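The structure appears right after this line, and notes come after that.
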Amino acid sequence: MEELLKAAKLARTKAYAPYSHFFVGAAVRGASGKIYTGCNIENASYGLTNCAERTAIFKAVSEGETQLTALAVIADSPEPVAPCGACRQVIAEFGITTVLMANTGGKTCTVSSEQLLPWGFSKTDLPGKDKHHE
Ligand code: THU
């Protein structure tokens, strides 16, 4: 996780956040062991902003890695930065088990994807899958 956090820290320097000035970096590890990094990318049309976590995950998936293991995210927040709801849903999709949240002050907190999104919607909720529907 140390290596992942270091990669997230470096990715943060690439954040494009001219509107919020809140710079976020993330890094995700693929099952192959490879690390993919991401930063938040804002837009003059504010709602189009992409968070650092989703940038990193989408980079991994677009490179063919759909099985991911761990993610680290860092920002200059008072407490370790918590992924937003949309990112939690995307984190849950690709098998990530461990999420390390950090702030630039050196505080960290490690949780499971399940802790981040209990009772989340997943592929098992879709018809034709294993889950029982009444
Ligand atoms: N942001 C992230 O990139 N990840 C998070 O976990 C929290 C929020 C970004 C989105 C936006 O560019 C800025 O931080 C302020 O919300």
Side-chain angles (χ1 to χ4, degrees):
M1 290 310 272
E2 219 21 72
E3 194 189 4
L4 214 51
L5 179 56
K6 209 173 148 192
K9 220 177 262 183
L10 189 62
R12 183 174 171 267
T13 65
K14 304 289 197 299
Y16 178 75
Y19 306 106
S20 73
H21 304 289
F22 189 67
F23 305 95
V24 189
V28 68
R29 193 180 288 281
S32 71
K34 193 170 165 188
I35 289 176
Y36 302 84
T37 60
C39 59
N40 54 331
I41 305 170
E42 298 186 344
N43 193 281
S45 177
Y46 298 166
L48 297 183
T49 290
N50 206 65
C51 293
E53 298 92 317
R54 276 175 293 143
T55 303
I57 292 169
F58 293 159
K59 278 173 69 183
V61 174
S62 66
E63 295 294 320
E65 286 236 48
T66 52
Q67 263 314 109
L68 309 175
T69 61
L71 179 140
V73 59
I74 183 166
D76 185 16
S77 41
E79 294 298 323
V81 65
C84 79
C87 286
R88 290 174 195 219
Q89 183 69 29
V90 174
I91 286 168
E93 181 74 22
F94 299 104
I96 292 170
T97 54
T98 312
V99 176
L100 184 147
M101 301 172 274
N103 70 8
T104 53
K107 277 194 192 177
T108 64
C109 176
T110 303
V111 296
S112 67
S113 300
E114 187 58 36
Q115 280 174 297
L116 280 182
L117 191 67
W119 288 94
F121 178 78
S122 76
K123 60 186 103 182
T124 65
D125 289 298
L126 294 170
K129 305 288 187 251
D130 281 332
K131 209 167 189 173
H132 174 71
H133 289 268
E134 47 234 278

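Being a predicted model, the structure only gives us computed values, none of them experimental. Ligands are counted one by one from 1 in listed order, and the atoms in each one are counted from 1 as well. When reading the values below, keep in mind they use all heavy atoms of this one structure, side chains included, and skip hydrogens, waters and symmetry mates.
Residue Pro83 places a heavy atom less than 4.0 Å from ligand 1. Ligand 1 has at least one atom lying under 4.0 Å from a heavy atom of Ala82.
For the residue pair Tyr36 and Glu63, no side-chain donor N or O sits within less than 3.5 Å of a side-chain acceptor on the partner. Using a 3.5 Å distance cut-off with no hydrogens or angles, the side chains of Asn103 and Ser77 do not pair a donor with an acceptor.
Within ligand 1, the atoms closer than 4.0 Å to a non-hydrogen atom of Ser20 are 13 (C), 15 (C), numbered from 1 in the order shown. Those atoms of ligand 1 that come under 4.0 Å of a heavy atom in Val24, given as number and element, are 1 (N), 2 (C), 3 (O), 4 (N), 9 (C), 14 (O).
Residues Cys39 and Lys14 come closest through the heavy atom pair SG-O, 3.3 Å. Residue Pro118 comes nearest to Leu116 through the heavy atom pair CD-C, 3.6 Å, listed as atom of the first residue, atom of the second, then distance. Considering every non-hydrogen atom in both Gly38 and Ala11, the closest pair reads O-CB, 3.4 Å.
From the protein, the heavy atom lying nearest to atom 8 (C) of ligand 1 is Cys51 SG, 4.2 Å. The protein heavy-atom contact nearest to atom 9 (C) of ligand 1 is Asn40 ND2, 3.6 Å. Nearest protein heavy-atom neighbour of atom 14 (O) of ligand 1: Phe22 CD2, 3.2 Å. The nearest protein atom to atom 12 (O) of ligand 1, hydrogens excluded, is given as Glu42 OE2, 2.5 Å; this is a heavy-atom distance.
With Ile74 as the fixed residue, the side-chain contact (heavy atoms from CB on, under 4.5 Å) test singles out one of Lys9, Met101, Lys6: Lys9.
Below 3.5 Å of separation, one finds no N or O of Thr49 facing any N or O of ligand 1. Every N/O-N/O distance between Asn50 and ligand 1 stays at or above 3.5 Å. Residue contacts with ligand 1: Ala52 is placed with a nitrogen or oxygen under 3.5 Å of a nitrogen or oxygen of the ligand (distance criterion only).
Other residues, nucleotides and ligands contribute more than 12 heavy atoms inside 6.0 Å of the CD atom of Gln67. Summarising the local packing, CD of Gln115 is surrounded by more than 12 heavy atoms from other residues, nucleotides or ligands at distances under 6.0 Å.
Proximity of atom 16 (O) of ligand 1 to the protein is not indicated, since no non-hydrogen protein atom lies closer than 4.0 angstrom.
Ranked by closest heavy atom to atom 6 (O) of ligand 1, the top entry among Glu53, Arg88, Arg12 is Glu53.
With contacts defined as side-chain heavy-atom distances shorter than 4.5 Å, the pair Ile96/Val28 qualifies.
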